[in-house]
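Structure record follows, encoded as structure tokens.
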Amino acid sequence: MPRSRRAVALVLAVVLVVAAAAIAVVATHHGKQHGTVQPPNGTTGPGGSAGPTGSINTAPISGLTADKFGISPGVQLFRESVDNIDADMAGYAALPTHWVRAGVRWDLIEPKRADQDNWTKVDRIVDDATKDHLSLILDITGTPSWARSPDATTNVQFPPDLQTYATFTGKIAARYKGRVAAYELGNEPNHVKSFATPDPKLYVQVLKLSYPLIKAADPDTKVLTGGLGGTTANGVVGGDEYLADLYKGGAQPYFDGVSYHPYTYPLLPSDDSGARSWSRMLHAREVMVANGDADKQIWVTEYGAPTGGPQSVSQQRQAAIMYDAYRLWAGYSWAGPLCWFDYRDKGTDTSDHGNFFGLYAKDGQPKVSLQQYESLVRSAS
């Protein structure tokens, strides 16, 4: 081969090698961001989107931004060991997601008395959120036995002396000043679990007592109502009705946003014609506007669908519900974060559909919804 042709061939070979290396680096980087998410800690299944076969909706959603995405593991995260907390928080960040809504249990932090605290797990959650650049919503729930009514049927009922709960919220806000984006006061106070009978007048007192203490400790954090939701049935007061009663009771100055749980499964949220919680949430928005609170947002701190147990849906349907929810959410000017419940299935007992809301199964196997979540995050602006 002539010398000039050999030189050209050598140059072309070098260019091809460099290009192949560059492609490999890009692919590896992309995999770290979106394609190699590790399974939840303590599980053995493969992670990432190399999961179950199933089509997802890859159409970009106009107006959808990355700061709308959140994961809501609830109190499940708080129940784990600190090592598992580290692993799960890293998993949330790798999806990636922007928000994490985690429950913190007052009864486990102060099990014996108010001056004896164990902050180990909350410290780890907050430290990990800071390290992984995750915005944190802490839901303060659970009443210790020393503060609980002897007639309480669950440990999540608010104490008869509401000041004890409020004092604890102020203590948390002082400890984590500048590191927690929002606090949610209790969980679903319009359900029978928070009060023996849902009582908006009592919950107004929770807000009035807690809000000033939290704001005094950390003026920049936000205070949210406990997640409202459900319809009027089985002792539950519909979230929109309950919110209207909060306004009537004078709660307006004592919350910065409304937390809502607008479950619709097995329906898509766009198929809710008025009977389910998504529609009730839209009515709750009208209640806020009518009371002069148009500038406040609604934050969805739980939304999802179960893939096992009674009232369950298929994995494909779970992913479709997710896509439809974010599609609608992107079109609301008043929308805060939308946190998907849950990250990992809680169990395998099919008598309880509450075990099956995860992006991952209990054994770490990814579901179709994991692929859908990753696709939506990639397409967000």
Side-chain angles (χ1 to χ4, degrees), residues 40 65-80 84-85 88-106 108-109 121-142 156 169 172-173 176 179-189 191 193-194 210 214 218 221-229 239 255-263 277 281 296-305 322 325-326 329 335-346 354 357-360 369 373 376-377:
T65 54
D67 61 355
K68 298 301 183 188
F69 288 89
I71 295 294
S72 179
V75 296
Q76 184 176 1
L77 182 66
F78 188 84
R79 291 175 177 146
E80 295 179 354
N84 284 3
I85 288 171
D88 278 1
M89 292 290 281
Y92 308 151
L95 285 171
T97 196
H98 187 89
W99 295 89
V100 173
R101 182 256 192 172
V104 294
R105 292 277 299 274
W106 176 25
L108 300 181
I109 296 169
K121 291 188 177 181
V122 196
D123 283 350
R124 188 59 66 96
I125 290 170
V126 175
D127 288 347
D128 284 348
T130 302
K131 173 175 61 70
D132 294 328
H133 306 290
L134 296 166
S135 295
L136 195 58
I137 306 165
L138 291 185
D139 177 25
I140 305 172
T141 187
V156 298
T169 68
I172 289 185
Y176 302 115
R179 303 178 69 195
V180 174
Y183 291 96
E184 190 176 348
L185 302 186
N187 184 55
E188 298 177 348
H191 290 224
K193 65 181 75 173
S194 293
S210 302
I214 294 172
D218 190 354
T221 196
K222 292 188 179 297
V223 177
L224 309 177
T225 68
L228 305 176
F255 62 89
D256 301 314
V258 172
S259 171
Y260 219 92
H261 300 169
Y263 290 104
S277 290
M281 177 181 68
K296 292 180 182 179
Q297 292 182 324
I298 293 179
W299 296 35
V300 170
T301 56
E302 281 186 26
Y303 185 72
M322 174 191 289
Y326 278 105
W329 201 241
L338 192 161
C339 299
W340 185 260
F341 180 82
D342 197 349
Y343 179 62
R344 176 182 64 253
D345 284 356
K346 294 179 181 178
F357 280 79
L359 300 174
Y360 288 95
S369 57
Y373 193 93
L376 284 167
V377 172

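The structure presented is a predicted model; accordingly, all values stated were derived computationally and were not measured. Any value given below was found using the heavy atoms of this structure, including those in side chains, with hydrogens, waters and symmetry copies removed.
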Tell me whether [X] contacts the main-chain N or O of [Y] through its side chain, where contact means a donor paired with an acceptor under 3.5 Å.
| X | Y | value |
| --- | --- | --- |
| H133 | A93 | no |
| T221 | A181 | yes |
| T301 | H261 | no |
| Y176 | D218 | no |
| D345 | G358 | yes |
| K121 | I85 | no |

State, to 0.1 Å, how close [X] and [Y] come at their nearest heavy-atom pair, and which atoms those are.
| X | Y | result |
| --- | --- | --- |
| A182 | W299 | CB-CZ3, 3.8 Å |
| G227 | S259 | CA-OG, 3.2 Å |
| L228 | G239 | CD1-O, 3.7 Å |
| P73 | V100 | CD-CG1, 4.2 Å |

Inset, instruction - Show your reasoning for whether side-chain contact (heavy atoms from CB on, under 4.5 Å) applies to Y263 and E302. - result: CA-CA 8 Å; Y263 290 104; E302 281 186 26; 2.6 Å; yes
Between atom [atom1] of [X] and atom [atom2] of [Y], what is the distance when rounded to the nearest 0.5 Å?
| X | Y | atom1 | atom2 | value |
| --- | --- | --- | --- | --- |
| L185 | S194 | CG | OG | 11.0 Å |
| N187 | T225 | CG | OG1 | 10.5 Å |
| L376 | M322 | CG | CE | 7.0 Å |

Can you find a heavy atom in the side chain of [X] that is under 4.5 Å from one in the side chain of [Y]?
| X | Y | value |
| --- | --- | --- |
| Y373 | T97 | yes |
| L95 | V377 | no |
| I109 | V122 | yes |
| L224 | Y260 | no |

Inset, instruction - Show the numbers, then the answer: is there a side-chain contact (heavy atoms from CB on, under 4.5 Å) between Y183 and T169? - result: CA-CA 9 Å; Y183 291 96; T169 68; over 6 Å; no
Legend entry - Option passing ring-ring contact (aromatic ring centres under 6.0 Å, His included) with F69 (candidates Y326, Y92, W99): Y326
Legend entry - salt bridge (Lys or Arg N to Asp or Glu O under 4.0 Å) contacts in which one or both residues fall within residues 179-189, not counting sequence neighbours: R101-E184, D127-R179, E188-K193
Legend entry - V180: which of I137, I214, L136 passes side chain to side chain contact (heavy atoms under 4.5 Å, CB included): L136
Legend entry - Y303: which of C339, P262, S277 passes side chain to side chain contact (heavy atoms under 4.5 Å, CB included): P262
Inset, instruction - Give the C-alpha distance, both sets of side-chain angles, the deciding distance and a yes or no for side-chain contact (heavy atoms from CB on, under 4.5 Å) between L77 and M89. - result: CA-CA 9 Å; L77 182 66; M89 292 290 281; 3.8 Å; yes
Inset, instruction - Compute both the distance and the angle, then confirm whether K296 meets the cation-pi test with F255: under 6.0 Å from the six-membered ring centre, within 45 degrees of the axis. - result: yes
Legend entry - Any side-chain donor near an acceptor of the partner, D67 and T65, under 3.5 Å: yes
